[in-house]
Amino acid sequence: MIEPAVCERSFDGVAASIHDARRFMSEIRGLPRSVKLYDVVLVVSELTTNAVIHAQTPFVVKVDVAADRVRVEVSDGNRQRTKGSDGALLAVGGRGLLIVDRLASAWGVVPTSAGKIVFAEFRSRAAE
């Protein structure tokens with residue numbers, strides 16, 4: 001079990017890394033009481049899937065746990081901005097960022113010199 005304040009891990013930009021990132025996140029302990037680990041793991045799964053499919057580069061998952069919130073970041077080596085879709089019912093994919101938007105308290109994209117960071121924050125109910 002991982003008990004971080006801040007913890008990060010690097011992954012190869014391949015499909016098997018999505019499972020490894022989910023497992024990494026599922027080992028995180030010490031989350032604020034009202035933040036659901038399942039929601040955090042699902043959001044990381046969606047963000048790492050985007051990194052593998054769209055960025056096609058190695059990526060880093062970083063988690064920062066505080067008393068009132070959890071912040072996860074997925075950084076990759078592709079400068080192209082993450083885009084959501086309309087989530088059309090007949091589409092095969094394209095709902096990942098809609099899921100992130102529904103589960104996270106806040107999320108966004110920060111460009112970096114090497115690519116981008118996509119982050120999601122989960123605030124405890126007491127902090128909201």
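Residues Val60 and Trp107 fall into different hydrophobic clusters, defined by Ile, Leu, Val, Met, Phe, Trp and Tyr side chains chained together at heavy-atom separations under 4.5 Å. Under a hydrophobic-cluster definition in which Ile, Leu, Val, Met, Phe, Trp and Tyr are linked whenever side-chain heavy atoms come within less than 4.5 Å, directly or via other members, Ile28 and Phe119 are assigned to different clusters. Linking ILVMFWY residues whenever their side-chain heavy atoms come closer than 4.5 Å, directly or via other members, leaves Val74 and Ile117 in distinct clusters. Under the 4.5 Å side-chain contact rule for hydrophobic residues, Leu47 and Tyr38 share a cluster. Both Val109 and Val43 are part of a single hydrophobic cluster, where members link through side-chain heavy atoms under 4.5 Å apart.
Between the CD atom in Glu46 and the CG atom in Leu98 there is a gap of 9.5 Å [rounded to 0.5 Å]. In this structure, Arg9 CZ and Phe59 CZ are separated by 9.5 Å, a value rounded to the nearest 0.5 Å. From Glu73, atom CD reaches atom NZ of Lys116 across 13.5 Å, with rounding to the nearest 0.5 Å. In this structure, CZ on Arg22 lies 11.0 Å from OG on Ser17, to the nearest 0.5 angstrom. Note: Phe122 CZ to Asp68 CG = 14.0 Å, rounded to the nearest 0.5 Å. Atom NZ of Lys62 sits about 8.5 Å away from atom OG of Ser75, to the nearest 0.5 Å.
Residues Val61 and Thr48 form a side-chain contact, since some pair of their non-hydrogen atoms from C-beta on lies under 4.5 Å apart. Contact annotation: the side chain of Ile99 approaches that of Leu42 to within less than 4.5 Å [non-hydrogen atoms, C-beta and beyond]. Considering only heavy atoms from C-beta on, Arg123 stays 4.5 Å or farther from Val35 through its side chain.
Nearest heavy atom pair, residue Gly30 against residue Val65, reads O-CG1, 3.2 Å. Taking every heavy atom of both residues into account, Val40 and Met25 meet most closely at CG1-CE, 3.5 Å. Nearest heavy-atom pair across Thr57 and Gly77 is OG1-N, 2.9 Å. Here the closest heavy-atom approach between residue Phe11 and residue Phe24 is recorded as CZ-CB, 4.1 Å. Among all heavy-atom pairs drawn from Pro32 and Ala66, the shortest one is CG-O, 3.4 Å. Of all heavy-atom pairs spanning Ala104 and Ala120, the tightest one is CB-CB, 4.0 Å.
Remark: the backbone N or O of Asn78 is paired with a side-chain donor or acceptor of Asp76 at under 3.5 angstrom. Of the possible polar contacts, none joining the Arg69 side chain to the Ser105 backbone as a donor-acceptor pair under 3.5 Å is found. When atom types are taken as modelled, the side chain of Ser45 and the backbone of Val41 share no donor-acceptor pair closer than 3.5 angstrom.
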Test side-chain contact (heavy atoms from CB on, under 4.5 Å) applied to Asp64 and Val70, step by step: CA-CA 6 Å; Asp64 181 358; Val70 176; over 6 Å; no
